[in-house]
Structure formats: C-alpha cells, structure tokens
Amino acid sequence: MQKPTLPKGTRDFGPEQMRKRLFIFDTIRQTFRRFGFQPIETPSLENLSTLTGKYGEEGDQLLFKILNSGDFAAGVTELDLASGSKKLTPKIAEKGLRYDLTVPFARYVVMNRNSLTLPFKRYQMQPVWRADRPQKGRYREFYQCDADVVGTDSLLCEAEIVLMIHEVFRNLTIQDFTLKINNRKILAGIAEVIGAPGQEGTLSVAIDKLDKIGKEKVLNELQERGFSDETIASLEPLFLFGVSEPTEPNQILDQLKNWLSASDTARQGIAELEETLQLVNQYGLSDSTVEIDPTLARGLSYYTGAIFEVKANGVSIGSVSGGGRYDNLTGAFGMPGLSGVGISFGVDRIYDVMEELNLFPADAGQGTQVLIIPFDTEARSVALPVLRQLRTAAIAAEMYPDLSKVKKMLDYANAKNIPFVVLIGSAEVQTGVLSLKNMLTGEQLKVTTDELIQRLG
RNA sequence: GUGAUUGUAGCUCAGUUGGUUAGAGCGCCGGAUUGUGGUUCCGGAGGUCGCGGGUUCGAGCCCCGUCUUUCACCCCA
C-alpha cells in the first residue's frame with residue numbers, strides 16, 4: 001500500500017471549489033454567447049509538429065510530450081541517443097498536450113476552411129498544460145477560456161474584446177482591474193526609430209519588465225543583449241510614459257505620434273489603437289478603464305497587432321487575461337493571409353483573485369435546497385411523490401437515504417448547507433401535512449405540498 | 001531549466017543538545033437526548049513522522065537521494 005499523490009502542479013477540485021469555478025465558467029460563457037461566439041472543442045492531444053515552433057524556444061521547452069505507444073524505443077539507435085534530446089524527442093514522442101487554445105484553433109480553422117463561414121467567431125473553454133515550475137497562480141494544468149475571431153482585420157473585433165473584458169470582470173464583481181493595451185506595430189516602430197529595426201523581439205522582452213525591475217536594469221539588459229549606447233539613449237522618450245500620473249489615452253497617443261513620426265509601421269499601429277478606442281467610446285461603455293502602455297510586450301511570438309493584458313489590482317497574482325491580434329498563425333499550416341484576434345481568460349487565476357478578495361457570492365450555484373427527512377419506511381412512501389413534485393418544479397431536492405437519528409440527518413443538512421428541511425413522521429403521514437423547517441432561523445411550520453412548492457419555488 | 005524553501009493525525013500546528021509508549025486545538029465517531037441541528041458535558045477512533053537509503057547502542061530531529069509545497073529568476077493564464 002502506498003499513499004496516493006498528485007503530479008506536481010495539478011489539483012483536485014471538491015464540490016465547494018467547483019461551485020465557485022462553475023460560477024466563473026458560467027459568467028464567461030454567458031458573455032461570449034452574448035457577443036455572438038460559438039463553442040467548439042479540440043482534443044487535449046495534438047501532433048507535436050502542430051505545437052512546436054509556435055510559442056518561441058521557451059514555449060517549446062514547456063510542452064508536455066507523450067511517449068509513443070508500444071515499444072517507443074524500438075527504432076532508437078546509439079547514434080540517436082548520442083545526438084541529444086532535441087533530435088531524439090521527435091523519434092519517441094509524436095504527440096503532445098496542448099499548450100494553449102489559440103494554436104489548436106488555428107489548426108482547426110485550416111482543416112475546416114471549406115465549411116467555415118468567415119469571419120468565424122468561436123469560444124473554447126478547456127484545460128491546457130505547461131511543464132512549468134509551479135508557483136502562486138501558476139499551475140501545470142489550468143483552464144483557459146478563449147474567444148477568437150478569424151477572417152477579418154476589422155478593428156471592431158479589438159473593440160469588442162475590450163468590451164468583453166469589461167463585461168466579464170464586471171459580472172464577476174472584480175471591479176478593480178487594469179486593462180492594458182498596446183500594439184506590436186508600435187514596438188516595431190520604436191525599434192526602427194532608435195536604429196535597431198527588426199529587433200523589437202529582444203527589445204520587447206526587456207522593456208516589458210520595466211514596471212517590475214525599473215529603468216536602470218532594463219537598460220543594463222539591453223546593453224548585455226548588444227544594443228549600442230546610441231540606440232539605448234534614443235529610447236529615452238519611452239520612459240516618460242506612465243511614469244508620472246496615468247495620463248489620458250489621447251495624450252499618450254499624441255506623445256507617441258510625435259516621437260515615432262518617422263516610422264510608417266508605428267503610425268499605423270497608433271492609428272489602429274486610436275480607432276479601437278474610438279469604437280469603444282461610440283459603443284457607450286461607461287467607466288472604461290483602458291490604459292495604453294507602450295511598454296506592454298507579451299512574449300507569445302505570434303502576435304502582430306494589438307496586444308491586451310488584464311491584471312487585478314490589489315493582489316499579487318500575474319495577469320488574469322491576455323490576448324492580441326495575429327496575422328499569420330494559420331500560415332504555419334498552409335493557409336496564409338488570414339488575420340485573427342482573440343482573448344484568453346485564465347480561470348484558475350481569476351479564482352485565486354476572487355478567493356483572495358473574497359468576491360464569491362454566497363449563493364453562487366447553490367446545491368440542494370431542501371432535504372426530506374423520513375422517520376420510517378411509511379414516511380418514505382409519503383415523501384417520494386413530494387420529491388417528484390419538488391423536482392418537477394425545478395427545486396433541487398433530495399431525501400436522506402438511511403433511516404437514522406434525526407440529529408444525524410439534520411447534521412447532514414447543515415454540512416451540505418441545505419437551507420430547508422421537510423420532516424415526515426407518523427403525524428405527517430396521518431394528516432398529509434408536512435413540517436417545513438428553516439435551518440437558518442430554526443422556525444418550523446406546517447405546510448401542504450403545494451404550499452411547500454410555492455415557498456421554495 | 002537555475003537558485004532557495006517546505007513536509008509530523010482529516011485540518012492548523014507543538015515536539016528540548018539525537019534518548020522509553022510522538023502531543024494539542026479544531027474536525028470526525030459514539031453517548032447524555034428511542035421526532036429536532038449549529039451551545040454544553042462525557043467517552044472514543046485516528047500517525048509506516050512524505051518516500052528510500054545511510055550514520056548511531058538509539059533518528060521525527062543528523063547526512064545523501066527522491067517526490068511534494070512555497071518563492072525568486074525565466075516565461076506566462
């Protein structure tokens with residue numbers, strides 16, 4: 001006999017946790033539906049070749065690979081073993097667990113291109129796996145809720161993502177959040193203007209850390225990565241953004257226009273941002289909390305346009321949501337020129353945030369509403385039709401299965417947080433009138449079955 | 001992947017420089033109360049001290065390995 005354990009970074013969810021998790025899932029699903037997205041699901045397993053090379057080198061290392069079935073070592077030669085894991089892996093593992101929902105979606109779109117009506121809007125709420133070292137808010141198995149639109153480059157889609165983010169967090173009662181938005185074209189433009197064209201990737205990784213490690217260390221890192229003193233010096237205007245008070249989006253846009261006027265790419269990115277925000281305003285969103293952050297980068301290498309990130313304020317948990325536009329993700333699967341944009345909500349981190357801020361409503365997805373307590377077998381025969389009528393009236397009802405002490409059955413109701421109890425003994429059997437007990441107040445009254453249903457319904 | 005950190009009852013934690021039979025609170029089960037709970041009182045069950053090896057007359061405590069937890073880096077939901 002050995003004690004069972006869970007693999008690193010995975011968790012069980014009991015009824016109490018599932019009640020809260022389903023509240024999050026339901027809230028997000030509701031919003032996705034309202035915005036016209038349709039659900040799909042894809043397999044947990046993908047061919048490894050579908051996944052590799054889409055997330056950058058770092059991402060590839062975090063993929064869970066699945067050993068081939070049967071004798072996976074059959075075709076492996078001494079030479080293969082000597083050539084290292086990089087060469088060996090594709091020979092012994094042809095499948096892997098999905099790392100996110102966006103790449104499998106791109107694969108789905110390409111495979112179904114002839115039957116899809118474009119633009120195609122889908123949502124997907126499924127677990128993903130990453131072979132990361134677990135930490136606070138970081139797990140090896142976690143759920144993402146993605147909504148993506150492909151087949152249009154309309155900025156209305158970006159605007160709708162901003163709107164959905166607001167709706168989801170408002171409905172979850174996470175009021176205090178920061179939605180940051182930026183555009184990869186602006187980052188590319190910055191690289192151009194400072195005289196390091198095409199290097200926005202390395203540039204981004206460094207400046208993304210600005211609010212975490214500060215200006216000095218960012219500059220040091222850029223130096224180490226081979227940026228010249230001259231280019232670093234011309235980066236100076238960047239540090240004027242967001243350092244003081246959070247400035248108005250329009251002010252930031254003006255500043256960017258001045259600084260980056262020499263770059264066509266940057267001008268385009270700025271114009272896209274501007275239009276997106278304008279559409280959001282026209283929609284009539286009150287209390288919009290969009291913040292333009294020119295230092296927001298995000299690591300995922302496939303983004304080409306707008307990028308989004310949402311953090312909950314007042315808690316030390318990383319981003320709870322992120323996304324962006326990708327112009328050529330389907331190109332890797334032989335279908336170039338299809339633009340898409342999407343957003344991903346991290347259920348597990350949202351859960352952690354809500355738990356820490358105590359935001360779950362007490363009655364979210366309540367369980368059984370009434371427990372029937374029969375004192376003997378005769379009482380059961382009276383109870384069963386009552387059970388049926390309660391359930392027909394859509395009231396969650398159950399009967400205690402054993403004939404035990406009343407104390408024990410009431411304890412059961414308390415343990416399960418069941419607010420009402422119906423007691424049925426010889427008196428109730430004779431009169432047909434039931435005893436309804438409120439478990440919170442302790443008060444008890446005689447009711448007919450109809451009255452019972454009316455009170456609980 | 002790099003560097004730290006954690007593990008004792010279902011839960012939260014004590015456990016002396018290595019020394020007999022490892023404790024507490026809460027929870028759980030039973031009773032006081034054979035048709036009425038969340039209060040009280042009484043009683044009871046429950047531990048291969050994460051796992052494997054080593055040092056020692058003797059290890060929960062020391063050493064090595066391993067798994068797990070938490071954290072920083074990296075990256076990200």
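Per chain, numbering begins at 1; letters A, B, ... match sequence-line order.
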Base-pairing assignment for B:U69 (Watson-Crick or G-U wobble, both under 3.5 Å): none
Over 12 non-hydrogen atoms of neighbours within 6.0 angstrom of CG in A:D402: yes
Partner nucleotide of B:G25 by Watson-Crick or wobble geometry (both distances under 3.5 Å): B:C11
Atom pair distance, as rounded to whole Å: CG in A:N220 and C1' in B:C73: 16 Å
Sugar-phosphate only, base, or nothing, as touched by A:G59 at under 4.0 Å among non-hydrogen atoms: nothing
Whole-Å distance separating the OH atom of A:Y302 from the P atom of B:C75: 16 Å
Carboxylate-amine/guanidinium contact A:R349 A:D352, below 4.0 Å: no
Distance test, side-chain N/O of A:Q135 to OP1/OP2 of B:A72, below 4.0 Å: yes
Base B:C75 paired with A:R130 side chain (donor-acceptor, <3.5 Å): no
Ring-on-base stacking B:A77 with A:F345 (under 5.5 Å, under 30°): no
B:C75 phosphate, OP1 or OP2, under 4.0 Å from A:K209 side-chain N/O: yes
B:G35 base / A:E428 side chain donor-acceptor hit below 3.5 Å: yes
P gap between B:G10 and B:G46, integer Å: 11 Å
Base B:U36 to side chain A:K437, donor-acceptor N/O within 3.5 Å cut-off: yes
Distance, C1' atom - from B:C75 to B:G15, rounded to whole angstrom: 41 Å
Atom P, compared across B:C11 and B:U48: separation rounded to whole Å: 13 Å
Minimum-distance nucleotide to A:R349 side chain [options: B:G35, B:G37, B:A77]: B:A77
Length of the line joining A:K408:NZ and B:G35:C1', which is rounded to integer Å: 17 Å
Side-chain donor/acceptor of A:R133 to base of B:C76, under 3.5 Å: no
Phosphate contact (B:U68 OP1 or OP2) by A:K8 side-chain N/O below 4.0 Å: yes
NZ or CZ of A:R21 within 45° of A:F13 ring axis and under 6.0 Å: yes
Interatomic distance where CG belongs to A:L62 and P belongs to B:G1 [whole Å]: 10 Å
Under-3.5 Å donor-acceptor pair between A:S426 side chain and B:G35 base: yes
Shortest non-hydrogen contact between A:S339 and A:R325, atoms and distance: OG-NH1, 2.7 Å
More than 12 heavy atoms of other groups within 6.0 Å of A:K91 NZ: no
Sugar-phosphate, base or nothing in reach of A:G56, heavy atoms under 4.0 Å: nothing
Touch class at under 4.0 angstrom, heavy-atom based, for A:D411 against every strand present: sugar-phosphate
Whole-Å distance separating the CG atom of A:D208 from the C1' atom of B:C74: 12 Å
Check: B:G38 base within 3.5 Å donor-acceptor of A:N414 side chain: no
Residue pair A:T152 / A:P119: nearest heavy atoms and the distance that separates them: CG2-CB, 3.6 Å
Sugar-phosphate only, base, or nothing, as touched by A:G9 at under 4.0 Å among non-hydrogen atoms: sugar-phosphate
Nearest-angstrom distance, C1' atom, B:A45 to B:U6: 29 Å
Separation of the P atoms in B:U2 and B:C62, to the nearest angstrom: 26 Å
